[in-house]
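Have a look at the structure below, then the notes.
Chain A is the first sequence line, chain B the second, and so forth, proteins listed ahead of strands; every chain is numbered from 1. Every heavy atom of this structure was used, including side-chain atoms; hydrogens, water molecules and symmetry mates were not.
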There are 2 protein chains.
Amino acid sequence: MADDRTAALDRILELVAVLDTDSRESLARDGLTPARAHLLWVLQHQGPLPQRALAEALRVSARNITGLVDGLVDSGFVTREPHPTDRRATLVSFTEHGAATAARLEREHGEFARVLFADLPEDRFRAFADGLDHVLDRLREHGVSLDAQAER
Amino acid sequence: MADDRTAALDRILELVAVLDTDSRESLARDGLTPARAHLLWVLQHQGPLPQRALAEALRVSARNITGLVDGLVDSGFVTREPHPTDRRATLVSFTEHGAATAARLEREHGEFARVLFADLPEDRFRAFADGLDHVLDRLREHGVSLDAQAER
DNA sequence: TATTGTTATACTCTATAACTATA
DNA sequence: TATAGTTATAGAGTATAACAATA
């Protein structure tokens, strides 16, 4: 019994490894890395942002954002524009290529979700989603969550 | 409906992020990184190995193993010993500290699995494990798996 | 005085290619 | 000739600290 739990955790970790490697390869085909794609994702959902806001959203240092934006500017996904009211800040905005890529990544994300659960009957899907919620709740109870991490 | 699937995928990705950050922090307290801990894990399950075997097990370059072993030697987790029959090779073995740490990490892995599924009734746990298998099968069908990745 | 972003510096993980020692 | 591991080199992600420009 206890061993079943360990086996399930191992399968979760296998899933983590598989998703990580696969998304990495897929992004590489677009000339992106996970960190840079994450930045595009935030821009896609929140619109043009100053680097400071990006640092908070990605929960990384300001220095790191400078590097990520440098890379995305060089590869043509975003531009640095002057902030309309604060001359210290720069607004990071999509180029056409960046906007098109981000939109496509979002579409593919939805398609991937459909493939993942294809042919899984509704009741079994519900049960799985339930278990997922349970696990995330258990982690939150133990102070392990994105919010808890953000507070540090 | 289709949106439920996307929401479930998003929760899987949240779980991935949470587990990644949490394990990273936990390992850091032991003076380890994920890559170095992975190497210790392999050593724990397969015994002393030449670096070449470690490169295959971790699926990284030989050069990378040199760096990881350098770090683990410096921090006192492993030693490089001469290979008994092949003078080109070096055997990577645990120090006492390394062996004790690896054993503790394995214990904590099992404890973590128990916490994760605590209070989840057996039938709901089964349903979750089922869904997990389904998702991994779907990925395998699409050529996305650790084995498929290994073949490249 | 506080904030935004950059420069300087450093560490880890990752890779390929050239090279040494040994098989 | 092939294999084990290292040196050389490079790129990405991450961090802290010092600093410039602006608020």
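At the heavy-atom level, A:Pro50 lies under 4.0 Å from the strands shown only through sugar-phosphate atoms.
Between A:Arg80 atom CZ and C:dG5 atom P the separation is 9 Å, expressed in whole Å. One can place CD of A:Glu56 at 14 Å from C1' of C:dG5, the figure rounded to the nearest angstrom. One can place CG of A:Leu58 at 17 Å from P of D:dA12, the figure rounded to the nearest angstrom. For the pair B:Ile65 CD1 and D:dT7 P, the computed distance is 16 Å after rounding to whole Å.
In this model, the phosphate group of D:dG5 is not approached by any side-chain N or O of B:Thr66 to a distance below 4.0 Å at OP1 or OP2.
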Next item on the list: Take A:Arg140 and B:Glu14 through the test salt bridge (charged side-chain N to carboxylate O under 4.0 Å, His left out) and record every step on the way to the result.
Entry: CA-CA 12 Å; A:Arg140 263 179 228 113; B:Glu14 180 184 349; 3.6 Å; yes
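Side-chain N or O atoms of A:Asp30 include none that pairs as donor or acceptor with a backbone N or O of A:Leu32 at under 3.5 Å. Listed for the A:His134 side chain is no donor-acceptor partner under 3.5 Å among the backbone atoms of A:Ala129. Judged by distance alone, the side chain of B:Thr95 and the main-chain N or O of B:Gly76 form a donor-acceptor pair under 3.5 Å.
Among C:dT4, D:dG5, D:dA12, the nucleotide with an atom closest to any side-chain atom of A:Arg36 is D:dA12.
Checked against ring-ring contact (aromatic ring centres under 6.0 Å, His included), B:His83 has no partners two or more places apart in sequence or in another chain.
Between B:Thr79 and B:Ser93, the closest side-chain pair of non-hydrogen atoms falls below 4.5 Å.
Of the residues in residues 69-76 of chain B, none lies under 4.0 Å from DNA chain D by heavy-atom distance.
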Next item on the list: Using a 4.0 Å heavy-atom cut-off, write out nucleotides 14-23 of chain D from 5' to 3' as B (base contacted by protein), S (sugar-phosphate only) or - (no contact).
Entry: BBB----BBS
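To the nearest 0.5 Å, atoms CD (A:Gln46) and CG (A:Leu54) are separated by 8.0 Å.
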